[in-house]
Each structure stands twice: as structure tokens, then as C-alpha cells.
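Okay, structure first, notes after.
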Amino acid sequence: MKSDIQQRADKVITSTYSRFPVVLTQGTGCELYDETGKKYIDFLAGIAVCNLGHAHPRIREAIRKQSDRLFHVSNLFYTIPQVELAEKLVQQSFADRVFFCNSGAEANEAAIKLARKYFQDKGETRRFRIISMKQSFHGRTMGTLSATGQDKIRAGFEPVLDGFHFVPFNDVSALEKAITPDICAVMLEPVQGEGGVRCPGENYLQQVRKICDEAGILLIFDEIQTGIGRTGKLFAYEHFNVTPDIMSLAKALGNGLPIGAMLATEEAAKAFSPGAHASTFGGTPVITAAALEVLKVIEEEKLVEACRKTGIYFKEALLRLKEKHSVIQDVRGMGLLLGMELSVPGRPIVDRCLENGFIINCIQDKVLRFVPPLIITKEQIDLLMECIDNIFDNMQ
Ligand SMILES: *Cc1c(COP(=O)(O)O)cnc(C)c1O
């Protein structure tokens with residue numbers, strides 16, 4: 001029986017999501033509660049967003065304090081939290097400059113526009129094409145779906161934007177061959193998220209950097225899912241000893257408040273002059289105050305290190321399940337961005353987990369994805385492992 005809210009939603013909300021039959025009303029830490037009072041342990045974190053868990057006291061306080069002072073004045077004025085957040089991001093990354101927006105797709109739009117304009121400004125007007133990866137995910141706007149290497153996401157919206165070319169992820173020679181005089185940038189996720197939790201091969205990202213340097217083109221890392229501690233470093237590129245020219249962030253940056261950011265080196269960022277790009281809501285005071293607090297909490301509570309350690313524990317537990325159940329084909333990922341590929345559809349497993357009070361999700365039909373808050377405990381992981389173990393036991 002669908003609850004009142006579910007029935008009302010089904011009448012008035014566009015059906016762009018196939019939702020779980022659950023109305024969530026409250027959360028704290030890694031626990032969520034639905035309207036009947038049932039408790040869930042959250043291994044999804046709002047899709048890699050709530051890295052500090054739900055209702056974090058310091059984030060609530062940061063929002064409350066700033067909302068007592070100032071909500072919005074437009075980017076025609078300077079505001080303090082925006083500058084402080086940009087300084088923090090610059091200090092903690094390769095970047096020199098930050099553009100704020102409201103979502104991941106918008107951060108990637110800014111990256112795409114910046115890469116094109118960088119070469120336009122140099123007079124290289126025919127250098128506008130971007131190479132991105134098959135199985136990638138960069139967003140749902142017309143520009144970012146055009147950059148996304150999955151037919152199912154582009155289907156129905158053709159013609160997509162001109163100027164994107166796809167090569168297989170982890171294939172250096174395919175990338176080399178695709179470099180032509182009209183390419184302005186290579187754009188990729190250091191670890192593919194939505195595409196099935198796929199890690200880069202050894203030295204792959206270094207080789208991509210080298211190819212870009214030799215061709216004199218820009219390297220864009222989409223760290224919307226991998227950023228803000230998710231993989232066991234603040235940014236995933238830190239694992240690989242490479243830096244991009246441009247990086248997009250969103251998801252966990254606001255721990256649930258909508259914020260996106262495009263970070264760039266001084267050299268790349270110079271193509272954005274007044275009037276070139278803008279966002280009404282980009283970097284407003286309440287949201288940037290919250291995001292600044294997110295970064296402070298991650299630093300002070302050493303959550304990146306915690307993620308690395310818990311991630312190893314979690315992955316080992318998943319690998320033990322793989323030993324036991326032949327339905328598990330592969331376990332992969334870094335930090336707390338983990339995937340478990342099955343030989344059967346994953347949705348029934350997700351539904352059984354939900355019944356048992358665990359929130360996980362499934363991507364690419366057969367890959368269970370685990371992206372809990374970075375504060376998830378070993379005990380909570382053990383409980384999920386027991387649940388999944390039982391589900392597989394009863395399947396065979
Ligand atoms: C989620 C995601 C996006 C899109 O972000 P939105 O905020 O939904 O627009 C883009 N790239 C990656 C890698 C993502 O995981």
C-alpha cells in the first residue's frame with residue numbers, strides 16, 4: 001500500500017526517478033528514518049553527497065549563523081563566506097581560481113565553456129572538440145549529456161551538442177589516436193562513478209596528463225563524485241601524482257546543500273573575464289558558509305584518513321563475500337566509493353536490503369554501489385555484510 005505522500009507525489013512530480021517506496025523524514029549520522037519510524041543505515045549518502053552524515057551539528061550551526069545575517073545579494077558584490085571557501089579550496093588543491101555554481105552539471109558546463117574559450121582567446125577558433133570517455137557520466141544538461149559516454153542518457157534528446165568524441169576509459173592508445181588539431185581538452189572522471197565504479201589502470205592518468213601536455217591541450221577532471229574525501233584522498237587525483245588544469249566539484253561539497261564549483265589553474269582560468277560566464281545563485285552566503293564548514297570538519301576530524309581505513313575494511317569484507325558467493329563477479333573501487341558487480345540484476349538485492357533496513361543502490365543494472373557517509377563505522381559495515389550474505393544464501 002502506497003502512503004498518502006507517495007500517492008500525491010505520483011500525481012504531481014515528473015516521473016524521472018523510479019523511487020523506492022519509502023518516505024524519509026529524518027536522519028542523523030548514518031541513520032535515516034521513514035514516516036513509519038523504521039530505521040535504515042545509509043550506505044548511499046544521498047548518492048555520495050552527505051559525506052558527514054545527516055544533520056551534522058556543525059553544518060547546521062554554520063547554516064543557522066549565516067542565515068541570521070545574509071542569504072543572497074548577487075555576485076555583483078563581494079561576500080565573505082564565498083571568498084573564504086574559495087581560499088580553502090585553492091589552498092587544498094592544485095587550483096588557483098574557483099567559479100561557483102549550483103550543481104555538478106553546471107560545474108561541468110563551466111569547465112567545457114572554459115576549455116573552449118581558452119583556445120578561442122588564443123585565436124585557435126577551430127580547436128573546440130573535447131575527448132571524453134565511454135561509460136562516463138558528466139550530467140544531464142544538453143552540454144553535459146553530450147559529454148556523457150552512455151547512449152541511454154543521450155537517447156531521446158538528439159541531436160546532442162557537436163564537439164564531443166569518446167574513447168574507451170583506460171585505453172591510452174585509443175586516446176593518442178583521437179588527438180587531432182581540433183581537440184581542446186580531455187575530460188574524465190579519475191574513477192568512473194555512475195558508469196560502474198571503474199578505477200584507472202596503473203599509470204593511466206599520468207599517461208593521459210602526458211598526452212595532454214604534448215598536444216598542448218587542457219585536462220579536465222570531473223571529481224563531482226570522487227572529490228571531498230570520497231576515495232581516501234581529499235581529491236582522487238592526489239592518488240595518482242597528477243594534477244588537471246580544470247576540476248569540477250559538487251555532490252559532497254555542500255553535504256546536501258546544492259553547490260557546484262569549477263576549479264582551474266591561473267593559466268586556464270584567465271579565459272573567464274567579466275561577462276563570459278555567470279550564475280545567479282552561484283556561491284551564495286549560506287551555502288558557501290556550509291561548504292566551508294564541511295571542509296573544516298573533514299580536516300579537523302581527519303575524515304579523509306578515516307575513509308581510507310574504513311574503505312580498506314569494507315573492501316576486504318566485500319572480497320570475503322565474493323569468495324563465498326559465485327554470483328559476485330568483481331569487487332572494485334577506492335576508499336568509500338565501492339562497487340560489487342553481480343552476474344544477476346542488482347535491483348532485487350537493493351530491495352531486499354531496504355526491507356532489512358539498509359540503503360544501497362545499483363548502477364548499470366548489475367553493479368551494487370556503496371557510497372556511505374565517511375563516518376560509517378565497522379559495526380555498521382558488518383551489519384550490512386551479514387544482511388547481504390543472508391540474501392545471497394537464500395538466493396541459491
Ligand atoms: C552526479 C555527477 C554529475 C552530475 O551532477 P548533478 O549535480 O546531478 O548535475 C556529474 N559528474 C559526475 C561524475 C557525477 O557523479
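As the structure is a prediction and not an experimental result, all values here were calculated from the model. Order of appearance sets the numbers: ligands from 1, and atoms from 1 within every ligand.
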- Can you tell which of Ile224, Leu337, Thr144, Ile259 gets a heavy atom nearest to atom 10 (C) of ligand 1? Ile224
- Heavy-atom distance to atom 13 (C) of ligand 1: which of Thr226, Asp222, Val371, Thr148 wins? Asp222
- Query: Should Arg332 and Glu341 be marked as a salt bridge (charged side-chain N to carboxylate O under 4.0 Å, His left out) after you check the CA-CA gap, both sets of side-chain angles, and the distance that decides it?
  - Reply: CA-CA 8 Å; Arg332 52 184 184 251; Glu341 183 158 353; 2.8 Å; yes
- Yes or no on salt bridge (charged side-chain N to carboxylate O under 4.0 Å, His left out) for Lys65 and Glu61, after CA distance, side-chain angles and deciding distance? CA-CA 6 Å; Lys65 265 169 83 179; Glu61 181 61 13; 5.3 Å; no
- If we only count N/O pairs under 3.5 Å, is Glu189 in contact with ligand 1? no
- Item | Partner of Ile183 under side chain to side chain contact (heavy atoms under 4.5 Å, CB included), chosen from Ile217, Leu218, Ile130 | Ile217
- Step through it carefully: locate the ring centre of Phe20, locate the ring centre of Tyr40, and say whether they are under 6.0 Å apart. no
- Query: Does the protein put a heavy atom under 4.0 Å from atom 6 (P) of ligand 1?
  - Reply: yes
- Query: Is the closest N or O pair between Gly139 and ligand 1 shorter than 3.5 Å?
  - Reply: no
- Is the backbone of Asp365 close enough, under 3.5 Å, to the side chain of Arg347 for a donor and an acceptor to pair up by distance? no
- Message: Hydrogens and angles aside, do Gln207 and Glu176 bring a side-chain donor and acceptor to less than 3.5 Å of each other?
- Response: no
- Would you say Ala250 and ligand 1 have an N/O pair spaced under 3.5 Å apart? no
- Task: From atom 14 (C) of ligand 1, work out which of Lys251, Glu194, Gln192 has a heavy atom at the shortest distance.
- Result: Lys251
